[in-house]
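Whatever order the structure lists them in is the order used to number ligands and atoms, beginning at 1. Position 1 is the first residue of the sequence, and the numbers go up from there.
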Amino acid sequence: MLRVTVLATMVVLLLGSEEPAAAAEQYLGPCALAVSKDAKTLYVANHDARQVSWVALPAGKVTRRVDMPAEPTGLLLSPDAATLIVTCAAPKSTIAVLDAATGKLLRSIPAGHTATGAAISPDGKRLYVCNRFDNDVSVIDLAPGGKATRVKAVREPVAAAVTPDGKTALVANHLPNTRTDPFFMGDIAPMLTFIDAETLAIKNIPLPRGSINVRGLCVSPDGKYAYVTHLVCNFELTPVQVDVGWINSNVVSVVDVQQRKIINTVGLDETFQGAGNPWGVACTADGKTVCVTHAGSHELSVVHAASMAGKLYQMFTSTLVGAIAQDPRAGTYPPRRIELPGKGPRGLAVVGSKVYIAEFFSDTLAVVDLEAEADAVPTTIALGPKPQLTLRRRGQLLFHDASICYQHWQSCTSCHPDARTDALNWDLMNDGVGNFKNTKSMILVHRTPPMMAEGVRKSAEEAVRAGLSHILFADRPEEEAAAIDEYLKRLKPVASPHLVDGQLSPAAQRGKKLFEDRQVGCLSCHPAPLYTDLRKHNVGTRSPYGFVDDFDTPTLIEVWRSAPYLHDGRYLTVKDLLVEGKHGKQRGRVEKLSESEIADLVEFVLSL
Ligand code: HEC
Ligand code: HEC
């Protein structure tokens with residue numbers, strides 16, 4: 001149900017809550033925003049409050065709040081500025097179409113699992129919505145009674161953009177979708193999906209090898225270029241240091257839209273200062289300037305667009321990433337970095353010379369004037385009361401915070417986006433050198449000791465503290481580690497996209513019987529409810545590069561989103577693990593299962 005509340009009642013609601021603990025967690029969590037062309041109104045998606053706020057400009061006053069049916073992940077204004085379109089994320093997402101002037105709900109359109117990153121055609125007739133966990137895109141005809149179709153993306157599409165001629169939609173996938181073991185020779189990179197608006201035919205092109213954590217995408221006003229924010233990882237190097245992008249570089253890739261080609265991957269870091277976790281990206285109306293928020297280092301990069309299209313200087317460890325140098329003869333300028341007043345800048349909107357930025361953890365918007373003096377300090381618009389951070393919330397912020405890392409190069413989320421996995425292998429040195437391990441999700445870590453594929457850390461507490469000192473190269477107070485523990489302990493699994501109305505499908509129900517069948521034997525090592533016996537076993541998975549036979553049994557909760565599988569990521573699918581890998585044969589008859597029994601078993605495992 002949508003409920004319109006004016007600000008005054010909302011304040012009463014917040015303060016009048018009966019449950020103090022819950023009240024303490026009532027954060028707004030602004031994540032995305034849109035601005036009217038006349039620069040008079042801002043529309044802000046407050047993720048955690050499940051709400052959209054209207055902000056009057058230039059006063060910066062919240063004038064309306066409208067409750068949403070689920071967490072809003074993004075919003076956009078229709079080209080005629082009459083309606084506001086909000087993606088509300090759930091296993092069955094809703095696209096709320098609101099009257100931009102009154103906030104009234106005009107229409108609800110169903111979409112897939114965790115709708116996000118919508119884009120609209122310039123004629124306002126067609127909407128593209130990323131269904132992140134269905135790995136597809138809803139293409140919605142907005143005319144009354146118009147139909148919707150689904151187009152396949154690759155893995156976790158998170159952002160879409162449409163060219164000004166309306167002919168092409170681009171979709172950025174968040175993660176690579178490949179095996180990652182040392183024998184795999186293909187591209188390990190997320191794909192950029194091009195959708196032909198007329199035929200809905202798709203073409204996928206890879207970002208540079210080792211790219212992960214794709215967040216933002218926009219198309220230049222002339223339609224020539226697209227800009228994609230992400231990281232480039234040196235996952236084949238041993239992470240002995242974090243300096244000069246040794247582990248992760250923070251970049252924007254420049255795409256030639258016509259040729260469907262990446263022409264440059266531009267490092268936004270400086271030699272001695274990383275610009276952790278690039279997130280949102282937007283162009284000024286003249287297309288000359290590209291603005292990128294850094295959710296980890298709490299900054300805005302202001303980049304000269306023409307310089308990005310030219311030749312770059314290779315200055316980082318990764319040969320794939322170049323930097324723009326100051327060169328008066330070539331007319332190139334390096335990015336300008338602006339420190340922001342709030343924490344966790346994500347979505348942004350540009351109108352005229354003003355950049356408005358949603359600061360997720362501060363419940364504020366930052367306002368940067370691109371024409372102001374270089375040393376001008378950005379101003380702040382408060383969307384609500386100043387948030388008092390609970391221990392859990394503080395842990396969430398710290399987990400996303402690259403400013404606690406030596407030289408701000410990365411945060412825990414650089415490799416564990418959304419506290420899950422980057423789908424890459426790393427050669428962490430806690431278990432020797434040369435034996436790469438696939439990054440693990442943070443789900444249930446405190447309940448599933450020991451940690452790491454070889455069980456070299458006895459608890460999540462120990463792993464968190466080791467991460468701070470050995471991966472962020474920082475000496476942080478115990479209180480911060482305790483806050484991160486609290487955040488990780490309270491992570492909740494996301495419902496699998498394989499469930500049907502929250503229930504096991506008929507195939508998954510048959511698979512459950514097989515999983516629980518003693519003859520098949522999965523349950524002996526993966527018992528419910530955690531689906532791990534918390535022990536190490538030799539399941540014949542040692543690789544030629546490995547030093548040990550025994551591996552910690554992983555939980556199977558959320559295995560649907562943690563591919564590739566096994567300690568070295570050698571299987572892309574659970575089916576490959578069971579059929580090629582004959583996984584489980586030590587305890588049961590997995591080798592004797594028929595093709596349809598395997599399909600059912602896989603469906604069950606992917607439903608957890
Ligand atoms: C450079 C990438 C990278 C960064 C940055 C990183 N991790 Fe990890 N993390 C990994 C990899 C890879 C593994 C799995 C290693 C293994 O299995 O041996 C892992 C495993 C873990 C585990 C154990 C999970 C389990 O189920 O066994 C915890 C807990 C963890 N990381 C916490 C953190 C925290 C907290 C931070 C930030 C302080 C962090 N990580 C930063 C790559 C990273
Ligand atoms: C003898 C104990 C044992 C049995 C029996 C067993 N597993 Fe496993 N399972 C493991 C271990 C240990 C690993 C991790 C191995 C590695 O990383 O190399 C694992 C990994 C997995 C993974 C990959 C998870 C990930 O995050 O990479 C899946 C999926 C899985 N098992 C499902 C099953 C199914 C389905 C069955 C029954 C057919 C089964 N297992 C039987 C111990 C077992």
Inset, instruction - Under the salt bridge (charged side-chain N to carboxylate O under 4.0 Å, His left out) rule, what do Asp552 and Arg535 come out as? Steps first, then yes or no, please. - result: CA-CA 6 Å; Asp552 177 44; Arg535 285 168 202 274; over 6 Å; no
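- When Val520, Val539, Thr573 are ranked by how near their heavy atoms come to atom 42 (C) of ligand 2, first place goes to Val539.
- In Lys575, the NZ atom is not crowded: 12 or fewer heavy atoms of neighbouring residues, nucleotides or ligands sit closer than 6.0 Å.
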Inset, instruction - In sequence, state the C-alpha distance, the side-chain angles, and the governing distance for Arg179 and Asp576, and then conclude on salt bridge (charged side-chain N to carboxylate O under 4.0 Å, His left out). - result: CA-CA 11 Å; Arg179 280 164 53 192; Asp576 291 348; over 6 Å; no
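- One of the N, O or S atoms belonging to His583 lies under 2.8 Å away from atom 8 (Fe) of ligand 2.
- Looking at atom 5 (C) of ligand 1, its nearest protein heavy atom turns out to be Ile471 CG2, 3.2 Å.
- Proximity of Asn438 to ligand 1 is established by a heavy-atom distance of less than 4.0 Å.
- Annotation for ligand 2: atoms under 4.0 Å from non-hydrogen atoms of Gly521 are 5 (C).
- For atom 8 (Fe) of ligand 1, the nearest N, O or S atom contributed by His416 is named NE2.
- Pro554 CD, 3.3 Å is the protein heavy atom nearest to atom 13 (C) of ligand 2.
- Compare Ser524, Cys522, Gly455 by their heavy atoms: the one nearest to atom 38 (C) of ligand 2 is in Cys522.
- Taking distance alone, with nitrogen or oxygen atoms compared against 3.5 Å, Thr553 stays at or beyond that limit from ligand 2.
- Under 4.0 Å is where a charged nitrogen must lie from a carboxylate oxygen, and between Glu236 and Arg209 at least one such pair does.
- The shortest distance between side-chain heavy atoms of Phe551 and Met452 does not fall below 4.5 Å.
- Under 4.0 angstrom from ligand 2, the non-hydrogen atoms of Leu566 come from both its backbone and its side chain.
- Using a 4.0 Å cut-off between charged side-chain N and carboxylate O, Arg150 and Asp134 make a salt bridge.
- The part of Leu556 lying near ligand 2 is the side chain, judged by heavy-atom distances below 4.0 Å.
- Under a 4.0 angstrom heavy-atom cut-off, Phe399 registers as being in contact with ligand 1.
- Taking both residues in full, the closest heavy atoms of Lys585 and Val590 are given as N-CG1, 3.6 Å, listed atom of the first, atom of the second, then distance.
- Here the side chains of Leu499 and Pro91 are not in contact, with every heavy-atom distance at 4.5 Å or above.
- Using a cut-off of 4.0 Å between Lys/Arg side-chain N and Asp/Glu carboxylate O, Arg393 and Asp48 are scored as salt-bridged.
- Near Leu577, with a cut-off below 4.0 Å to any heavy atom, the atoms of ligand 2 are 22 (C), 23 (C), 28 (C), 29 (C), 30 (C).
- Heavy atoms of other residues, nucleotides or ligands lying less than 6.0 angstrom from CD of Gln503 number 12 at most.
- Taking 2.8 Å as the threshold, His526 counts as a candidate ligand of atom 8 (Fe) of ligand 2, since one of its N, O or S atoms lies below it.
- When only non-hydrogen protein atoms are considered, atom 32 (C) of ligand 1 lies nearest to Met442 SD, 3.6 Å.
- With respect to atom 2 (C) of ligand 2, the closest heavy atom belonging to the protein is Cys525 SG, 1.9 Å.
- Backbone and side-chain nitrogen or oxygen atoms of Leu601 are examined, and none is located within less than 3.5 angstrom of a nitrogen or oxygen of ligand 2.
- The N/O atoms of Met451, backbone and side chain alike, include none that comes under 3.5 Å of an N/O atom in ligand 1.
- Annotation for ligand 2: atoms under 4.0 Å from non-hydrogen atoms of Gly584 are 41 (C).
- Distances from atom 20 (C) of ligand 1 to the heavy atoms of Met452, Glu454, Glu461 put Met452 nearest.
- Cation-pi contact between Arg346 and Phe360: present, with separation from the ring centre below 6.0 Å and deviation from the ring axis of at most 45°.
- Between Arg132 and Glu156 a salt bridge is recorded (basic side-chain N to carboxylate O distance below 4.0 Å).
- A salt bridge links Arg465 and Asp485; the closest N-O separation between the charged side-chain nitrogens and carboxylate oxygens is under 4.0 Å.
- Of the polar atoms of His567, at least one N or O is found under 3.5 Å from an N or O of ligand 2, judged by distance alone.
- Short contacts between ligand 2 and Arg587, defined as distances under 4.0 Å to a heavy atom of the residue, involve ligand atoms 1 (C), 5 (C).
- When only interatomic distances are considered, the shortest N/O to N/O separation between Tyr565 and ligand 2 does not fall below 3.5 Å.
- In this structure, Asp552 is part of the shell of residues with a heavy atom less than 4.0 angstrom from ligand 2.
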